[in-house]
Amino acid sequence: MSKAIQAIRGMNDLLPEALSLWQRIEQAAETVLTAYGYREIRFPVIEKTELYKRSIGEVTDIVEKEMYTFEDRNGDSLTLRPEGTAGCVRAGVENGLLHNQTQRLWYAGPMFRHERPQKGRYRQFHQIGVEAFGIGTPDIDAELIFVTARLWRLLGIRGLELQINSLGTPAARARYRQVLVEYLRGQHEQLDEDSRRRLDGNPLRVLDSKHPAMQPVIAAAPSLHEHLDEESRRHFEQLCAYLEAANIPYRVNPRLVRGLDYYTRTVFEWVTTDLGAQGTVCAGGRYDGLVELLGGQSTPAAGFALGLERLAELAALQQVAGAERPPQVYVAPLGEGKIAQQGLVLAEQLRDAGLRVELHCGGGSLKSQLKRADRSGARYALLLGESELAVAQVSVKNLRADEPQQLVRMTEVPAFLCARLAGGPVQ
């Protein structure tokens, strides 16, 4: 026997039992985003590699080490998307959605990074991304945070902490970069290998190091807040005021940076201590220069992405209910030929009436079919045998309550069940 082919390391199957919770999260996200006026957009999972080199930054870990990049038959360099913002901006610019317009957009789907797989970090992972274009004021930064806070409430997620920071303008960050590099060079012996490598290319990422030995160095580093330009300082103060007015607790984390070069001013993360090292569930911020960098007109922009794997794991730990919708009715034809045919027809009639129906296929005894009906989660089982077919009736058995089994005329079954199931059809 040949050895069974297995999934690629770090790319996991999502089985029906797990997807129930994912569907609950996705449905809640769509409900909240629609309430705030965001519209869904879909774009390819493969883009030109240049898109990510220009947007994320060539000296970031993502571009240097983690992207799935290949040449197609025409010799073009293509990349599986490692994040969604760049593709959303590209789509917006290419299709004329952004110039002199405001747009609120969201998307969902898989992203790909060739990282070392561990709990909460996979090579294929899934995100819900939200982007707002054309609004440069801090009220949209606050709205994005309001969206996430409302989603946590709707799902019943507890214990997430909101951390915020400001990275200032590119000019202010460049001035701070010089100060930070000078400080870090003085601590060269204490830097780990990754931090030494980042020192010349992306020194702000040193502040994001999780290496235990680096924490004293990071704690003593000069603060970016001391080097913010006045406009960015006012922007950040207004954001804080909006959050306080809405009673959303937050913590200013002056060491909070993002791993992507395009962020400016506001950055934020929702973090938890329940997931170990991979504690960031949602992260985002402002990226006012990215649209112009990718060939569009200068357009302010802000957004966030939440990780579905991590959010689903946190929801499972907190025993958030899934969105599983079992069948309401289980149709059990107790025979072949005309009995099986009538079972098929009856199941279709019930679905026409708006009910969720599972039809037993493959034959079997009454006992075995009732066992399957019970395991399906259905409330009612419809039993159709020779005696029922002879009088054009169906035996209706309540699987969830102790009540007598009863015969119902075939033509009246849809109306009978709709009346029993919450007083009407369930869509």
Partner residues of [X] under the side chain to side chain donor-acceptor pair (under 3.5 Å) criterion, sequence neighbours left out:
| X | result |
| --- | --- |
| Arg104 | Glu143 |
| Gln369 | none |
| Thr266 | Asp141 |
| Thr272 | none |

ask   = Salt bridge check: are Arg90 and Glu94 linked by an N-O gap of less than 4.0 Å?
value = yes
Pairing of Arg310 and Asp274 as salt bridge, 4.0 angstrom limit =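 Salt bridge absent between Arg310 and Asp274.
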query = Relative to the ring of His227, is the ring of Tyr176 parallel (under 30°), tilted (30 to 60°) or perpendicular (over 60°)?
reply =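 Tilted, since the angle between the ring planes falls between 30° and 60°.
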remark   = Value for CG (Leu151) from CZ (Phe146), rounded to nearest 0.5 Å, stands at 15.0 Å
task = State the CG-CD distance between Leu275 and Glu313, to the nearest 0.5 angstrom.
result =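 Atom-to-atom, Leu275:CG and Glu313:CD are 5.0 Å apart.
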query = With a cut-off of 6.0 Å (strictly less than), are more than 12 heavy atoms of other residues, nucleotides or ligands near CD of Glu182?
reply =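 Incorrect, the count does not exceed 12.
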query = Are there more than 12 heavy atoms of other residues, nucleotides or ligands under 6.0 Å from atom CD of Glu230?
reply = yes
key: Least distance between heavy atoms, Asn398 atom then Ala401 atom   =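 Nearest pair, atom of Asn398 first, then Ala401: OD1-N, 3.1 Å.
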May I have the list of side-chain donor-acceptor pairs in residues 1-23 shorter than 3.5 Å, sequence neighbours left out?
{"residue": "Ser20", "atom": "OG", "partner": "Ala323", "partner atom": "N", "Å": "3.1"}
{"residue": "Ser20", "atom": "OG", "partner": "Glu324", "partner atom": "N", "Å": "2.8"}

Under 3.5 Å donor-acceptor pairs involving side-chain atoms of residues 124-133, not counting sequence neighbours:
{"residue": "His126", "atom": "ND1", "partner": "Glu309", "partner atom": "OE2", "Å": "2.8"}
{"residue": "Glu131", "atom": "OE1", "partner": "Tyr287", "partner atom": "OH", "Å": "2.5"}
{"residue": "Glu131", "atom": "OE2", "partner": "Thr85", "partner atom": "OG1", "Å": "2.8"}
{"residue": "Glu131", "atom": "OE2", "partner": "Tyr107", "partner atom": "OH", "Å": "2.5"}

request  = Answer yes or no: is there a side-chain heavy-atom contact under 4.5 Å between Ile164 and Leu243?
outcome  =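 In short, these two side chains touch, coming nearer than 4.5 Å.
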